[in-house]
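Please read the structure below before turning to the comments.
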Amino acid sequence: MALSGWSNCFKEIIEEQGTIYTLRITASGYGYANYNGNSTRNDSRIYALEKGKSATIFFSSDNGYRIASVKVNESDVTADVANNQYTISNIAANTTVSVSFEAIPQTTYTLSITASGYGSATYNGTSARNQTRTFTVNEGASATVSFSPDNGYRIASVKVNNADVTGASVTSNRYTISNINANTTVSVTFEAIPPTTHSLSIKVSGNGYVLYNDTYFRNKTNYYTVSHGSSETIAIIPDVGNRLSNMKVNNKVVTSNVIDSLYTITNITTDTNVEVTFEEIPPTTFSLSITASGNGSATYNGTSARNQTRTFTVNEGSSATVSFTPDNGYRIGSVKVNNTDVTANVTNNQYTVSDILTNTSVSVTFADIEYDNLSNNGVNYRVVSNPNKTVSVANGSYGYWLTVPASFTANGIDWAVTGIDNDVLSNNPQLAAVIWNPAVQFTASVTNPNFLLYVTSSQYAPSAIKNVVVGNTANSITLTDASSGNNFYCPREFTARSISYSHSYGMTTGISEARGWESISLPFDVEAITHSSKGTLVPFANWQEGGSTKPFWLYQLDNGGFAEASSIIANTPYIISMPNNAEYLDEYRVSGTITFSSTDVTVKSSESLQNGTYGDRTFIPNFINQDANSGFYVLNSVNNYSANSSGYAEGSRFVRNLRTIHPFEAYIASANNAKESFPIFEDEATWIRSLSPIPSPEGKGGIYDLSGRRIQGNKVTEYQSDQFPALQGGARGRLQKGVYIVNGKKIVIR
């Protein structure tokens, strides 16, 4: 708009609103002027303001530029600009504001380099020598100064702004100042390189002197300083009766280079140590060579020879005592002195060579001690080979079980077990187990059908032995009865993949009386009990009438006497009876061979037995044949290996000192063995859970006493007649007081 137009406009505004002034803002260069939200750049803008108003103008420079000047009505107010803004207060006339911008000039600093002494300092191709050179450098720049000492001189110090940087910072006679942000001074001084010297130490020990630098000294160390490259001569002077023993220069022996008692160290270029040692001139000596061959050693003066030769130095005319030490199992074979045999003159394994006048040799050899028999940990051995140190198990009394190691130490010698003779165990009728550790086959003959053989590998067990434990596992274990020689003993528990024990039962079982009982103890937890024709058998405690299993009686001793048991647990004693009476239905009658078995079961150690106790009685499991004993009570059972000679009903009582106790049975030991016998059950009226007898031909059950005798005439008036129909009628008065069995159940007549 033309200025005349603006005048007309302002005139109109003045006429309308009062006094108005113009504000002209002009910006020149690289930046902006901003007022009331409007920016001006390389241009002018005019604003209308009322009289008395204030106006704040903001300035913004481009990067790398700054405000050059700010003028108000041509007056410079640049110094009053704060935070890039300026305020015009109380405007009372037309006002002009102009701002110009300029490039920010590069900041520079001075770099002053001073060199003093014999050398120069150079920066950017310009050198200073015994003078100061000043340079201009930009802010943030780096400057590398090089130093050049004259020949024979070196840098003494380098300082930057008076801080010494002579050390590791000066590299290859150069120093770099990084990121200069202030005026900086660098000063370098040079100094002459001092001449090189080295230390010379001379140490003297023993009976003699050293002469050096016109000084004699002995048994001390002297220190000297010598020039680089010099040569120094040392005189060696032993005392009378002594000689130079050793001379070292910097730990290198130079004794042989001492000529006419003089030694010269030439061209010394490093610190040097000299050691001179004197010794007495020794008497005439000879060598004493001692040779030991074989299993033993020879010792002289505290030093031993073994399968080698040791050489010693001895004085002329002296004596030397040599000791000989054979290894265990060996003896001195021969001793020779200068190849002459002197074995017969060796006393207490020693020989003395007297008045030695020449070089002397002593040689000793050792020979085996011949062994025939050995014993270790209760096992006898026959020596198979003395040189090879091998043995075989020999005859002996070995008890119930025997452990044979793969090797053992006897008489200080390690022996290897390589076998066992066939008949070695023939005089051991009680032997029941062998733990066989040698890596060879077990070849001894055994007849015990319950014999256990432990081996480390199945290849070491002969096929004739059936009960084999490999490591800790047996595939199959079969236990059985025999008249004798059938002991069972488990020295170390193991896992059996399958195990069984068979026993023949044939006694008649009593009805309402203790009769037909045997004892049983087994080394494993029984899982199955079977009969060839009757199938699976279970204890009465587990039997359900009407099922497929057949019952039998199984009792164990507890603190109340014999009580029903539900299973056979390893190493625990029980009494057992199979139903075998003509009064029972045939399907429940059991006689013949019964097999007790389990799979994947632990066979317990025979050392961990579980006794039963009641009062002063202890019920003990048994796995070995034991003769009759006045302290033991055993059941008067009848089976293939026992006969009843007690006078009591078979299988009814424990009788003291009655008979041999067989494996897999049990017996009672009592603290009070005054009684000759005692019954199985103290209260025979309550002793047993029974089966129903065969009904009478009329379809009614009979009446029996506790001895199993049938009572003729079975009519009993009113007493419990609703529970026992067989007693209905009027004949009760014909029965005496007591306990009776009616239809397989007990009643008491009072």
Side-chain angles (χ1 to χ4, degrees), residues 505 507 509-523 525-526 529 537-545 551-579 596 604 608-622 629 631-637 646 648-656 658 661 664-691 704-708 737-741 744-750:
Y505 293 88
M507 284 188 291
T509 305
I511 295 181
S512 304
E513 68 169 335
R515 186 186 188 95
W517 288 90
E518 296 192 41
S519 60
I520 186 170
S521 300
L522 295 176
D525 294 345
V526 175
I529 305 170
L537 309 180
V538 296
F540 262 105
N542 296 336
W543 181 60
Q544 297 294 326
E545 189 170 1
F552 68 91
W553 292 283
L554 182 71
Y555 280 67
Q556 66 187 97
L557 191 65
D558 61 19
N559 56 14
F562 280 105
E564 271 192 327
S566 59
S567 61
I568 295 177
I569 303 301
N571 290 359
T572 303
Y574 301 89
I575 57 172
I576 186 171
S577 179
M578 298 295 163
F596 304 81
K604 297 291 188 179
S608 58
L609 303 181
Q610 304 297 318
N611 298 332
T613 58
Y614 169 57
D616 63 354
R617 301 171 189 176
T618 303
F619 198 26
I620 303 171
N622 182 66
N629 188 296
F632 296 160
Y633 292 80
V634 64
L635 275 172
N636 60 341
S637 304
S646 67
Y648 299 102
E650 60 187 25
S652 64
R653 297 179 74 86
F654 284 92
V655 181
R656 183 165 60 87
L658 177 64
I661 308 169
F664 313 115
E665 289 190 317
Y667 62 93
I668 287 179
S670 176
N672 178 11
N673 60 359
K675 290 185 178 181
E676 288 299 316
S677 68
F678 46 81
I680 294 175
F681 301 99
E682 299 294 342
D683 181 5
E684 295 199 0
T686 59
W687 71 274
I688 188 171
R689 190 192 317 191
S690 184
L691 293 166
Y704 298 83
D705 64 16
L706 292 184
S707 297
K737 293 180 180 180
V739 180
Y740 298 89
I741 303 299
K745 298 182 179 179
K746 286 179 288 185
I747 67 167
V748 180
I749 302 297
R750 303 183 187 276

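All residue numbers refer to positions in the sequence shown, counting from 1.
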side-chain contact (heavy atoms from CB on, under 4.5 Å) partners for [X], two or more places apart:
| X | answer |
| --- | --- |
| N622 | I624, Q626, I661, Y667 |
| N559 | none |
| E518 | H503, Y505, M507, I576, S637, N639 |
| P539 | N542, F552, L554 |

Side-chain heavy atoms of [X] within contact of [Y], under 4.5 Å:
| X | Y | answer |
| --- | --- | --- |
| W517 | F681 | yes |
| P573 | L557 | no |
| L522 | F596 | yes |
| I511 | T509 | no |
| F540 | Y555 | no |
| L635 | I680 | yes |
| S519 | E665 | yes |
| Y614 | I668 | no |

Spatial distance of atom [atom1] ([X]) from atom [atom2] ([Y]) [nearest 0.5 Å]:
| X | Y | atom1 | atom2 | value |
| --- | --- | --- | --- | --- |
| D525 | I569 | CG | CD1 | 4.5 Å |
| K604 | T572 | NZ | OG1 | 9.5 Å |
| L537 | M578 | CG | CE | 5.5 Å |
| L658 | E676 | CG | CD | 10.5 Å |

For a quick check under 3.5 Å, do S677 and R653 share a side-chain donor-acceptor pair by atom type?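 Side-chain D/A pair, S677 to R653: present.
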
List in chain and number order the residues that pass ring pair (Phe, Tyr, Trp, His ring centres under 6.0 Å) with Y633, two or more places apart in sequence or in another chain; answer none if no residue qualifies.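 Y633 satisfies ring pair (Phe, Tyr, Trp, His ring centres under 6.0 Å) with F678 only.
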
Tell me, please, which residues at least two apart from S646 pass side-chain hydrogen bond (donor to acceptor under 3.5 Å, both in side chains). N636, N644

For Q610, what residues pass the side-chain hydrogen bond (donor to acceptor under 3.5 Å, both in side chains) criterion, not counting sequence neighbours?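 None.
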
Determine, stepwise, if the pair N571 / S608 fulfils side-chain contact (heavy atoms from CB on, under 4.5 Å). CA-CA 7 Å; N571 290 359; S608 58; 3.7 Å; yes

F619 vs F562, ring-ring contact (aromatic ring centres under 6.0 Å, His included): CA-CA, chis, key distance, verdict: CA-CA 10 Å; F619 198 26; F562 280 105; 5.4 Å; yes

Is there a donor-acceptor pair under 3.5 Å between the side chain of Y648 and the backbone N or O of P679?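 Side chain of Y648 to backbone of P679, a donor-acceptor pair under 3.5 Å: no, none is there.
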
Would you say the side-chain atoms of R656 pair up with the backbone N or O of N673, donor to acceptor, closer than 3.5 Å?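 Such a contact is found between R656 side chain and N673 backbone.
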
So which atom in A666 and which in P621 form the shortest heavy-atom distance, rounded to 0.1 Å? CB-CA, 4.2 Å

